[in-house]
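The next block holds one structure in the form of structure tokens; read it before the comments.
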Amino acid sequence: MPHIENSPWTVPVAQVASRPGQSKQIDADFPAPSGIGDEVIGVKEGEPVHVNGSFDSIVDGLILNASINAPVHAECTRCLKPIKRDWTTHVTAFFPYKDERDNRNQPDEVDIIAGEEESEDTYPLFDNGAFANLEALLRDTLVDELPLQPLCREDCRGLCSQCGVDLNENPDHVHETTDIRFAGLADLKAKLESEQQG
Ligand SMILES: [Zn+2]
Ligand SMILES: [Zn+2]
């Protein structure tokens with residue numbers, strides 16, 4: 001990141017990074033980074049992602065505690081209706097003064113701890129602790145938090161497996177043997193009509 005000050009995800013933290021016990025509130029919108037989900041489910045690049053929390057300085061770095069609110073677009077897995085909803089998630093991240101990952105190009109594998117409800121990740125500071133950058137943090141957090149099986153509502157009834165009718169709008173919709181009887185009547189009607197004509 002050559003021009004860290006110009007990045008829309010940069011937060012100046014020099015004030016709090018000067019000594020432990022400081023706190024800097026953050027309550028702002030950041031543009032959604034690219035690469036969060038896809039057309040079916042995700043957050044569109046540039047959509048406002050709200051971050052509300054604080055950077056708190058400890059001896060060896062800054063801790064960010066924040067809630068992240070992002071407009072996720074998705075499709076209901078049962079009825080295929082588009083869902084547009086704000087997803088809120090909580091993040092705790094550590095920004096160490098000294099980046100121990102300097103010589104590593106791979107993302108920290110320790111970050112991938114399965115089944116944790118809150119992600120706790122580590123991100124570098126820039127310019128000797130003057131700036132934090134939230135781009136990677138927002139991307140990682142939102143990608144992790146995308147619902148795998150989004151539903152338009154908890155009790156979505158989905159679509160009729162036989163004809164595709166939306167069962168939310170047609171709660172009484174059923175296929176009964178009447179279909180077969182109607183088919184029989186139609187046959188009979190056709191037969192009678194052909195006899196009348198002949
Ligand atoms: Zn649905
Ligand atoms: Zn049906």
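Basis for what follows: all heavy atoms, side chains included, without hydrogens, waters or symmetry-related copies. Counting starts at 1 for both ligands and their atoms, in listed order.
- Taking 2.8 Å as the limit, the number of protein N, O or S atoms around the Zn ion (ligand 1) is 4.
- In this structure, a donor-acceptor pair under 3.5 Å is absent between the side chains of Ser67 and Asn52.
- Other residues, nucleotides and ligands contribute at most 12 non-hydrogen atoms within 6.0 Å of the NZ atom of Lys44.
- The minimum distance between the Zn ion (ligand 2) and any N, O or S atom of His175 involves atom NE2.
- Note on ring orientation: taking the six-membered ring where Trp is involved, the planes of Phe55 and Phe95 are perpendicular (angle over 60°, cut-offs 30° and 60°).
- His50 and Asp86 share no donor-acceptor pair across their side chains, judged by distance under 3.5 Å alone.
- Using a 4.0 Å cut-off between charged nitrogen and carboxylate oxygen, Glu193 and Lys189 count as a salt-bridge pair.
- Ion pairing of Arg157 with Asp166 is absent here, as no side-chain N (NZ or NE/NH1/NH2) approaches a carboxylate O to less than 4.0 Å.
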Taking it one step at a time, do Asp140 and Tyr123 satisfy side chain to side chain donor-acceptor pair (under 3.5 Å)? CA-CA 11 Å; Asp140 295 351; Tyr123 297 93; 2.7 Å; yes
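- With the Zn ion (ligand 2) as the vertex, atom SG of Cys160 and atom SG of Cys163 span an angle of 110° (nearest 10 degrees).
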